[in-house]
Amino acid sequence: MKKILLIGCGHMGNALLTAWIKTDTYNLTIIDPIKYKSLKNKFKNKKVEIIKSVTDLKKNINFDIIIFATKPGDLNDVLNQLCKIKINKKTILASIIAGKKIKTFKKNYKNFKNIFRVMPNMPALINQSMNCVVANKQANRLSINEVLKLFSYSGKTILLESEKYIDMATAISGSGPGFVFNIIDAMESAANKLGFKKEISKILVTETFSGSVNLLLENKLNAKELVSTVATKGGTTEAGLKIMKKNNLHKIFEELTRAAYKKAKEQGN
Ligand SMILES: NC(=O)c1ccc[n+]([C@@H]2O[C@H](COP(=O)([O-])OP(=O)(O)OC[C@H]3O[C@@H](n4cnc5c(N)ncnc54)[C@H](OP(=O)(O)O)[C@@H]3O)[C@@H](O)[C@H]2O)c1
């Protein structure tokens, strides 16, 4: 059984952990300073070791993969604590932290080749994460496969060819669930204002979203082409689409993804 160390078990770490625990494939150790108590309780019947701090690790550790899943601002503390511990240079280091570059890890782990950045997203909680992976140029094929396999348990996992794409993925798929939830909320509020009860609005909107996405996934037509199949000339959909056009929906998305992309790059500094 491969041994995994997860450092930081907040929203995203917990979502990934939930997916990994179900597989019964890994020997998992989790570090989280505050949540360790509730995590111990939550996973008391599972094969997971939960500890409070990096400093509680043994002086020599032997994990196959170490996952960094703290907020960007906490990474320095983690690296400072970890540098007092001997880690085998074959260990895979994988960070899901927005913005933090591979070279940040190389600084502390000069002889380590198997360093990765991964950008997952929150649907990992239901095994439907979109995971983008990028490997250090010197990473070996075995370690690439190992990382792809680990993250595949939480959802769709693709390997990107260069690190520059990871900050872009952060703005699209990493932050994407937040954008999608906000759009759903806007459509639900609009349905409420038309006069539907909240529970009816919720089912109409969520089923419309999931049905539309599933149709798109199974269809040869792309999203733009599908728009024209549902918008009859002079009809109701067209009337609504005109408002989207007037308010420049595409421009809004360009702006919001650029803002998220800029933030991802800033977080790396
Ligand atoms: N949330 C998302 O949708 C998402 C998506 C993709 C990527 N990410 C990335 O995932 C990372 C975590 O995001 P998140 O939303 O899960 O944040 P979060 O909920 O704040 O989780 C971070 C966890 O790390 C813990 N932590 C802080 N210092 C630590 C240390 N020295 N050792 C061990 N654990 C420590 C925090 O504990 P305390 O709360 O006690 O400080 C917290 O439980 C971020 O870097 C983010 O860029 C997030």
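Both counts, for ligands and for their atoms, begin at 1 and track the order of listing.
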Colleague: Name the atoms and distances for all side-chain donor-acceptor pairs under 3.5 Å in residues 231-242, with sequence neighbours left out.
Modeller:
| residue | atom | partner | partner atom | Å |
| --- | --- | --- | --- | --- |
| Thr237 | OG1 | Val230 | O | 3.4 |
| Glu238 | OE1 | Gly234 | N | 2.9 |

Colleague: In the protein, which heavy atom is nearest to atom 34 (N) of ligand 1, and how far is it?
Modeller: Pro33 CD, 3.2 Å
Colleague: Below 3.5 angstrom, do we get any N/O pair linking Met119 and ligand 1?
Modeller: no
Colleague: Within 45° of the axis and under 6.0 Å from the centre of the six-membered ring of Tyr261, does NZ or CZ of Lys265 qualify?
Modeller: yes
Colleague: For ligand 1, which atoms have a heavy atom of Ile96 less than 4.0 angstrom away?
Modeller: 7 (C), 8 (N), 9 (C), 10 (O)
Colleague: Output side-chain donor-acceptor pairs under 3.5 Å for residues 147-157, partner residues at least two apart or in another chain, one line each.
Modeller:
| residue | atom | partner | partner atom | Å |
| --- | --- | --- | --- | --- |
| Ser152 | OG | Leu148 | O | 2.5 |
| Ser154 | OG | Asn131 | ND2 | 3.0 |
| Ser154 | OG | Phe151 | O | 2.7 |
| Thr157 | OG1 | Asn131 | ND2 | 3.2 |
| Thr157 | OG1 | Phe151 | O | 3.3 |
| Thr157 | OG1 | Ser152 | N | 3.3 |
| Thr157 | OG1 | Gly155 | O | 3.1 |

Colleague: Is a donor on one side and an acceptor on the other found under 3.5 Å between the side chain of Asn121 and the backbone of Met130?
Modeller: yes
Colleague: Are any of the N/O atoms on His11, whether in the backbone or the side chain, positioned under 3.5 angstrom from an N/O atom of ligand 1?
Modeller: yes
Colleague: Do me a favour and list the nearest non-hydrogen protein atom to atom 11 (C) of ligand 1 with residue, atom name and distance?
Modeller: Thr70 O, 3.3 Å
Colleague: Counting only nitrogen or oxygen atoms and a 3.5 angstrom limit, does Met12 reach ligand 1?
Modeller: yes
Colleague: Heavy-atom contacts under 4.0 Å between Asp74 and ligand 1: side chain, backbone, both, or neither?
Modeller: side chain
Colleague: With no hydrogens and no angle check, is any side-chain donor or acceptor of Gln267 less than 3.5 Å from a backbone partner on Ala264?
Modeller: no
Colleague: Looking at Thr208 and Leu204, would you say the former's side chain and the latter's main chain have a donor-acceptor pair under 3.5 Å?
Modeller: yes
Colleague: Taking only heavy atoms of Met122 into account, list the atoms of ligand 1 that are under 4.0 Å away from them.
Modeller: 1 (N), 2 (C), 3 (O)
Colleague: To the nearest 0.1 Å, how far is atom 22 (C) of ligand 1 from its closest protein heavy atom, and which atom is that?
Modeller: Ala69 O, 3.7 Å
Colleague: Can you find a side-chain donor-acceptor pair between Ser201 and Asn192 that sits under 3.5 Å?
Modeller: yes
Colleague: With atoms numbered from 1 as shown, which atoms in ligand 1 lie under 4.0 angstrom from a non-hydrogen atom of Lys35?
Modeller: 37 (O), 38 (P), 39 (O), 42 (C), 43 (O)
Colleague: Nearest protein heavy atom to atom 21 (O) of ligand 1, by residue and atom, and its distance?
Modeller: Gly10 CA, 3.1 Å
Colleague: Have a look at Ile51 and tell me which of Ile31, Asp32, Leu39 forms a side-chain contact (heavy atoms from CB on, under 4.5 Å) with it.
Modeller: Ile31
Colleague: When you measure from the side chain of Asn114 to the backbone of Asn140, do you find a donor-acceptor pair of N or O atoms at a distance under 3.5 Å?
Modeller: yes
Colleague: Looking at Glu163 and Lys101, is any side-chain nitrogen of the basic one under 4.0 Å from a carboxylate oxygen of the acidic one?
Modeller: no
Colleague: Between Pro177 and ligand 1, which residue portion shows a heavy-atom distance shorter than 4.0 Å: side chain, backbone, both, or neither?
Modeller: neither
Colleague: In terms of atom number and element, which parts of ligand 1 are under 4.0 angstrom from non-hydrogen atoms of Pro72?
Modeller: 45 (O)
Colleague: Please work out, at 4.0 Å between heavy atoms, whether the side chain, the backbone, both, or neither of Asp77 comes within that distance of ligand 1.
Modeller: neither
Colleague: With only distance considered, is Lys71 within less than 3.5 Å of ligand 1 through an N or O on each side?
Modeller: yes
Colleague: Which ligand 1 atoms does Ala98 reach within 4.0 Å, using its non-hydrogen atoms?
Modeller: 45 (O), 47 (O)
Colleague: More than 12 heavy atoms of other residues, nucleotides or ligands under 6.0 Å from CZ of Phe196: yes or no?
Modeller: no
Colleague: Show which atoms of ligand 1 fall inside a sub-4.0 Å distance from at least one heavy-atom site of Val78.
Modeller: 30 (C), 31 (N), 32 (N)
Colleague: Give a yes/no verdict on whether any heavy atom in Ile7 is under 4.0 Å from an atom of ligand 1.
Modeller: yes
Colleague: Between Ile34, Asp32, Leu79, Leu82, which one has a non-hydrogen atom sitting closest to atom 37 (O) of ligand 1?
Modeller: Asp32
